[in-house]
Amino acid sequence: MTAEAARQKIAFLSNLGRNEGLAGSDADALRSIARMVGDESLEAEAAAQSAEIQARNVEFQLEDLEIELEAAQANLVALLPETEDLLFVAVDVTAQTATQGSLSLSYLNLYEANWYPGYEFDLTTGETPEVQITRRVLVSQDTGENWQNVKLNVSTLQPAGQNSASRMNSRRMFIREKVVQKPASDSFGNLEEPVVEAPVIVEETQGFMIDPSSVQGTGVTYTLPNPISISSGQSIAEFELDSLTQSAEVFALATPRYDDTAYRTARFTNPYDQNLLASSLARYLVNGALVAADIGPEIGPGEEIELGFGPLYGLVVDRDVLSRSSGDVGLISRSNEDLQRAQIQVENLTNETWPLRVIDRVPFSEQSDLEISWTANPIPTDENVDNKRGILAWEMELTPGQSKIIELNTTLSWPEGMVLR
């Protein structure tokens, strides 16, 4: 009996006892039956709730089992021998006595196996900050063969690329009699100018397009330290190549023209005697915590580099244009003078002292008629940063709760009748 059916039966019996005017033992019997049915309905409802709870638990267990099943199937695929028809190689060995040996097989496969560089930069802060650089190799293969405990070498060499210098072919030039075309007329009888076609020049080329950034000299080969296993068709697998630690200088870097907060930055030198190749996958960590996943720039051996390690939201920066004499802050001004007053404010809301480097710019000109002058308070620590004209830098130290203001005034003047762009 369902709970709803039991409720309906109780209501019927109760109404029957009231409406029919039963008394005495008959009425008591009806009430007893009603109570009994009510108890049965409560038991049925409790059993239904218990069954529903058990069903939900079974569903959760099924989800976990499905995940375990998928993982087991992936492992099974990696262990099973390949079923695709491949080239079969047989080697006959004859020996007079029991012996041992090894067989080395090499072949060229240009397209079914690929690798990419990956990096992990882990910045450790404190009194002696340092960056741990971990080089990684991302590998994928679809050769039809499962690689089991193989020694893997990866290289920047490109066997499918151009092997030799392009050939220079001779080019024959010739002339021919000019063909005079009659002028065409439009619908009103007016003569139209003849159409003169430009000569078509076909350049003969030879060779393949190669990405030069992936080839360092004659190429670099890396050997993974431990044997690896990758099943054919598996998604990209990641393996660690090696790791080095280098001391670093840590500071906050701010560009108020574009950002409203400063960024933790580390300056260090590449400790490897090889290039750190450009990578589309680099992880940036601070004291072991992941703060960003971005591209990795190419860094030459012994090259000094600055890398960002996430925002410092407690270092607030703001840049405001207080006034501009030539009207709205647009790209085109028809006045012969442009005066701009800008103010940069930096504030430290953290509980520690930060060395801060602020970057801004002033325009520059290569025309003698366009005169540009500027003043700044305080005076910038550095001008033409990274050999870029007009880029200014201020270096300062901000204690907790401290704020500082930089004022930057720029004046541009040019002759009447000319337009500033």
Is a side-chain N or O of [X] found less than 3.5 angstrom from the main chain of [Y], in a donor-acceptor match?
| X | Y | answer |
| --- | --- | --- |
| Gln367 | Asp369 | no |
| Ser413 | Glu337 | no |
| Ser229 | Asn149 | yes |
| Ser232 | Gly144 | yes |
| Tyr119 | Leu277 | yes |

[X] side chain near [Y] side chain, heavy-atom distance below 4.5 Å:
| X | Y | result |
| --- | --- | --- |
| Leu281 | Tyr116 | no |
| Trp147 | Leu152 | yes |
| Leu398 | Thr353 | no |
| Thr265 | Arg357 | no |
| Val131 | Thr245 | no |
| Thr156 | Trp115 | yes |

Please tabulate, one pair per line, all N/O donor-acceptor pairs under 3.5 Å involving side-chain atoms of residues 371-392, not counting sequence neighbours.
residue, atom, partner, partner atom, Å
Thr381, OG1, Glu395, N, 3.0
Asn384, OD1, Gly390, N, 3.0
Arg389, NH1, Glu366, OE2, 3.3

Tell me, please, which residues at least two apart from [X] pass side chain to side chain donor-acceptor pair (under 3.5 Å).
| X | answer |
| --- | --- |
| Arg267 | Glu249, Glu306 |
| Ser155 | Thr221 |
| Asn409 | none |

Could you tell me whether the side chains of [X] and [Y] share a donor-acceptor contact shorter than 3.5 Å?
| X | Y | result |
| --- | --- | --- |
| Ser243 | Gln132 | yes |
| Asn336 | Glu416 | yes |
| Asn153 | Thr223 | yes |

Kindly state each residue pair satisfying ring-ring contact (aromatic ring centres under 6.0 Å, His included) with at least one member in residues 239-273, sequence neighbours excluded.
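Sorted result for residues 239-273: empty, none.
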
Do you know the tightest heavy-atom contact between [X] and [Y]?
| X | Y | result |
| --- | --- | --- |
| Pro301 | Asn275 | CD-OD1, 2.7 Å |
| Ala278 | Pro117 | O-CG, 3.5 Å |
| Ala252 | Ala262 | CB-CB, 4.1 Å |
| Gln402 | Lys404 | NE2-CE, 3.4 Å |
| Gly308 | Tyr284 | O-CD2, 3.6 Å |
| Thr261 | Leu315 | OG1-O, 3.2 Å |

For [X], what residues pass the side-chain contact (heavy atoms from CB on, under 4.5 Å) criterion, not counting sequence neighbours?
| X | answer |
| --- | --- |
| Gln274 | Arg135, Val220, Tyr222 |
| Gln100 | none |
| Thr128 | none |
| Val286 | Thr125, Arg264, Val291, Phe309 |

Taking salt bridge (Lys or Arg N to Asp or Glu O under 4.0 Å) as the test, write out the residues that go with Arg361, two or more places apart.
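By the salt bridge (Lys or Arg N to Asp or Glu O under 4.0 Å) rule, Arg361 matches no residue at all.
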
Might you work through the side chain to side chain donor-acceptor pair (under 3.5 Å) test for Glu352 and Thr350, ending with a clear yes or no?
CA-CA 6 Å; Glu352 60 179 303; Thr350 70; 5.3 Å; no

For residues 124-134, which residue pairs qualify under salt bridge (charged side-chain N to carboxylate O under 4.0 Å, His left out), counting only residues two or more places apart or in two chains?
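For residues 124-134, and leaving out neighbouring residues, there are no salt bridge (charged side-chain N to carboxylate O under 4.0 Å, His left out) pairs at all.
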
Does anything in residues 268-287 pair up under salt bridge (charged side-chain N to carboxylate O under 4.0 Å, His left out), and if so which pairs, sequence neighbours excluded?
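Matches after skipping sequence neighbours: Glu238-Arg283.
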
